[in-house]
There are 2 protein chains.
Amino acid sequence: MKQEDPTSIKEKKVISIGTVRELTGLSERQIRYYEERKLIFPARSGSSGIRKYSFSDVERLMEIANQMEEGVQTHEIRREWKKKEKANEDWKKQMLKGQIQAHFNNNKQ
Amino acid sequence: MKQEDPTSIKEKKVISIGTVRELTGLSERQIRYYEERKLIFPARSGSSGIRKYSFSDVERLMEIANQMEEGVQTHEIRREWKKKEKANEDWKKQMLKGQIQAHFNNNKQ
DNA sequence: CGTGTAAGGAATTCTGACACG
DNA sequence: CGTGTAAGGAATTCTGACACG
């Protein structure tokens with residue numbers, strides 16, 4: 001019945017920085033800085049350069065805030081994150097490989 | 001694992017009018033007018049009076065747009081909507097009643 | 001009735017920089 | 001390194017009103 005996938009909604013970049021500030025409790029300075037350090041990637045509103053964030057971005061910012069409180073440097077956060085990203089991709093590759101393998105064995109048998 | 005309910009996300013008032021315009025294709029004038037006619041109820045951003053809409057609001061606006069294209073008056077849309085709202089409440093009451101009834105019968109038997 | 005528009009003001013956001021440390 | 005802040009400008013939003021129909 002519903003045409004909208006709840007996942008896509010979380011990814012839509014529609015929230016401006018002031019609202020993100022309210023949602024996360026971070027200062028605008030902090031939010032922009034984390035972007036500068038490549039931890040977050042807002043979209044830019046059409047004509048002007050106004051930043052737009054998704055709910056996923058907000059969640060990520062809250063995770064970042066936690067890490068920062070623990071004294072982790074932006075550099076570290078970024079590195080950890082890319083590591084996880086890669087692990088996830090490798091995992092998906094393995095899954096795919098498994099599927100193909102299973103299919104092959106199935107036909108042989 | 002996830003702490004955020006996808007439903008609550010859809011209800012969060014975080015989108016400003018310019019973005020709603022882009023999402024719906026409606027003019028800001030129209031969006032504000034539908035509010036004046038009690039078809040939509042944005043929140044107002046803290047200190048200033050800036051309107052904030054949810055994804056649900058955006059969906060509703062698109063439904064309104066469709067009705068308007070069909071030549072339905074705002075007055076009619078509002079009336080139809082309240083009717084459905086009431087029907088839904090009555091239905092929920094019936095459900096509740098059914099539950100109690102079932103529970104009662106269960107104990108007796 | 002529903003919507004466009006010009007008007008003036010207020011609040012938001014942006015960037016680059018200086019400061020502290 | 002991470003964050004606060006004052007600075008000046010540009011884009012956004014707001015309200016009440018006049019217009020057309």
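Order of the sequence lines sets the chain letters (A, B, ...), proteins ahead of strands, with each chain counted from 1. Predicted, not measured: the structure shown is a model, and the values here were computed from it.
Classification of B:E85 and B:K82 as a salt-bridged pair fails, no side-chain N sitting under 4.0 Å from a carboxylate O. With salt bridges taken as basic N to acidic carboxylate O contacts below 4.0 Å, none links B:R60 and B:E11. A:K83 and A:E80 are joined by a salt bridge, as a carboxylate oxygen and a charged side-chain nitrogen come within less than 4.0 angstrom of each other. The residues B:E35 and B:R44 are annotated as salt-bridged, a charged nitrogen and a carboxylate oxygen being separated by less than 4.0 angstrom.
Atom NZ of A:K13 and atom CG of A:D57 lie 3.5 Å apart (nearest 0.5 Å). Going from atom CZ of A:R51 over to atom CD of A:E28 covers 9.5 Å, rounded to the nearest 0.5 Å. Taking NE2 of A:H75 as the start and NZ of A:K38 as the end, the distance is 11.5 Å to the nearest 0.5 Å. Of the inter-residue distances, the one linking B:L39 atom CG with B:E63 atom CD reads 11.0 Å to the nearest 0.5 angstrom.
Put simply, A:S27 has a side-chain N or O that comes within less than 4.0 Å of OP1 or OP2 on D:dG4. Phosphate contact (OP1/OP2 of C:dG2, side-chain N/O of B:T74, threshold under 4.0 Å): present. Between D:dC14 and B:R32, a contact under 4.0 Å exists linking OP1 or OP2 to a side-chain N or O. Not one side-chain nitrogen or oxygen of B:S45 sits closer than 4.0 Å to the OP1 or OP2 atom of C:dA11. OP1 or OP2 of D:dT3 lies within a sub-4.0 Å distance of a side-chain N or O belonging to A:Y34. Proximity of B:S16 to the phosphate of D:dT13: a side-chain N or O atom is located under 4.0 Å from OP1 or OP2. Within the structure, every side-chain polar atom (N or O) of B:R51 is placed at least 4.0 Å from both OP1 and OP2 of D:dT13.
Paired with A:Y33 under the rule side chain to side chain donor-acceptor pair (under 3.5 Å), one option of A:R29, A:R37, A:E36 passes, and it is A:R37.
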For nucleotides 17-19 of chain D, which of its nitrogen or oxygen atoms have a protein nitrogen or oxygen under 3.5 Å away, and what is each distance?
none

Open item on the list: If a pair means Watson-Crick or G-U wobble with both distances below 3.5 Å, what does DNA chain C look like in dot-bracket form, with | marking bases paired to a different strand?
Closed with: .||||.||.|.|.||.||||.
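Atom-to-atom, CD1 of A:I17 to P of C:dT15 comes out at 9 Å; the value is rounded to the nearest Å. Across the protein-nucleic acid pair, B:L26 atom CG and C:dG2 atom C1' stand 12 Å apart, rounded to whole Å. As a whole-Å value, the separation of B:I64 CD1 from C:dG2 P is 11 Å. Between the CD atom of A:E35 and the P atom of C:dT15 there is a distance of 8 Å, given to the nearest Å. Distance A:E28 CD to D:dG2 C1': 17 Å, rounded to the nearest Å. Regarding B:R44, its CZ atom lies at a distance of 13 Å from the C1' atom of C:dA11, rounded to whole Å. Rounded to whole Å, the distance from CD on A:E36 to P on D:dG4 is 14 Å. Following rounding to the nearest Å, A:I31 (CD1) and C:dC14 (C1') show an atom-to-atom distance of 14 Å.
Nearest-nucleotide positions on DNA chain D place A:M68 closer to the 5' end than the other of A:M68 and A:G49.
Listed nucleotides D:dT13, C:dG2, D:dT3 differ in distance to A:Q30; the shortest reach to its side chain belongs to D:dT3. Ranking D:dT3, C:dT3, C:dT12 by closeness to the A:Y33 side chain, first place goes to D:dT3. Between D:dC14, C:dG2, D:dG2, one nucleotide has an atom nearer to the side chain of B:I50 than all others, and that is D:dC14.
Looking only at atom types and distance, the side chain of B:K10 has no donor-acceptor partner in the side chain of B:S54 under 3.5 Å away.
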